Amino acid sequence: MKCTGEYFAWGGLPDRIILSGLIIIIMFVCGCVEQQQAPAVNVSDKEDLFFEGRKLTPIEEQRNNAIKGTQFINKETYTLQVTGMVNRSLNLSYEELLAFPVADRFLRMNCVEGWGFDARWTGVTLNSIFNDSGLKPGAKNVIFYCADGYSTSLELDYLTGNDIMLAYRLNNVTLPPERGFPLQLVAEGRYGYKWAKWITHIEVTDQPYEGFWESRGYSNTAKVGERAFGIF
Ligand SMILES: Nc1nc2c(c(=O)[nH]1)N[C@H]1C(S)=C(S)[C@@H](COP(=O)(O)O)O[C@H]1N2
Ligand SMILES: [Mo]
């Protein structure tokens, strides 16, 4: 250690203090730099914070809600079943879902608890899926069954008329597991409890249906701005 030895031989006590100080500062700075190094991120997986000129709520600031916590679904083995009053039942893989025409929209999600957030939603419309499956005359409702046992339903006319989508990307990143990977229903204009996550099965029916929260007293229409529970 020629260099260090020379410094120590040359320096008096104040120099040593200054040198030690410098070394500590350098170590500290190096430590900081090292801590700031994030794991390699895929640039295409970087979250969008603006979309079509509008500000998005960062995912970190978006709340989430689930009756049984996060479900972890294996992309390789996952399929979305489409059954009931369709001409042809479907069993769509994740790759097949991504291959449909892409819907991409700015929309707000509002939970009945009073919180909400603005996000960019990207996915496949139910119209695209029903275009493949066909729909039998007389079909009225669509039930969404989820991996955690949750379920909810919506009127077929609302879903087709508003070109409602199943999202697989949120703020332009793959839907995170806690947010419903692989699919969350983007129930525009309806309360959060209609935004089913971890959807595994869609059933088309002519029967009325009450989902998890609906069978516990929450409104089955769940329109944002309308009363969602009891008389309040
Ligand atoms: N499968 C499943 N989907 C669900 C729920 C749930 O418990 N399980 N909670 C609903 C409720 S009450 C809300 S407010 C939204 C919250 O969506 P987020 O977690 O993406 O913010 O998810 C909805 N979808
Ligand atoms: Mo909710």
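Remember, predicted model here, so these are calculated numbers, not experimental data. As the structure lists them, so they are numbered: ligands from 1, and atoms in each ligand from 1. These values consider heavy atoms only, across backbone and side chains, with no hydrogens, waters or symmetry-generated copies.
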Handout entry: Whether Q62 lies under 4.0 Å from ligand 1, heavy atom
Key = no
Closest non-hydrogen protein atom to [atom], residue and atom name please, with distance?
atom	answer
atom 9 (N) of ligand 1	N65 O, 3.5 Å
atom 21 (O) of ligand 1	R63 O, 2.8 Å
atom 23 (C) of ligand 1	G192 O, 3.2 Å
atom 6 (C) of ligand 1	Y150 CD1, 3.6 Å

[X] ring center near [Y] ring center (under 6.0 Å):
X	Y	value
Y94	Y78	no
F212	Y150	yes
W213	Y193	no

Heteroatom distance test ([X], ligand 1): nitrogen or oxygen, under 3.5 angstrom:
X	answer
R179	yes
D148	yes
W198	no
W195	yes
K197	yes

Exercise for the section: Give a yes-or-no answer on whether the side chains of K194 and N220 include a donor-acceptor pair shorter than 3.5 Å. Expected result: yes
Practice task
Give a yes-or-no answer on whether the side chains of T79 and N91 include a donor-acceptor pair shorter than 3.5 Å.
Solution key: yes
Just jot down the ligand 1 atoms closer than 4.0 angstrom to any heavy atom of [X], in number order.
X	answer
Q184	17 (O), 20 (O)
C146	1 (N)
A66	6 (C), 7 (O)
C111	14 (S)

For ligand 1, which part of [X] has a heavy atom less than 4.0 Å away: the side chain, the backbone, both, or neither?
X	result
M109	side chain
W115	side chain
I67	both
K68	neither
F117	side chain
Y193	both

Fill in the blank from the handout: In short, side-chain hydrogen bond (donor to acceptor under 3.5 Å, both in side chains) pairs touching residues 117-131 with sequence neighbours left out are D48-R120, D104-R120, D104-T122, R108-D118, T125-S128, N127-D163
Exercise for the section: For the pair E226 and R190, find out whether any cationic side-chain nitrogen is under 4.0 Å from an anionic carboxylate oxygen. Expected result: no
Practice task
Group every Ile, Leu, Val, Met, Phe, Trp and Tyr by side-chain heavy-atom contacts under 4.5 Å, then state whether F50 and V173 land in the same group.
Solution key: no
Practice task
Over all heavy atoms of both residues, which pair between E188 and W195 is shortest? Give the atoms and the distance, please.
Solution key: N-CZ2, 4.1 Å
Completion exercise
With sequence neighbours left out, the residues meeting salt bridge (Lys or Arg N to Asp or Glu O under 4.0 Å) with E113 are R63
Handout entry: Side chains of L170 and Q184 in contact at under 4.5 Å (non-hydrogen atoms)
Key = no
Problem - Test item: N141 side-chain N/O and Q207 main-chain N/O as donor-acceptor pair under 3.5 Å - result: yes
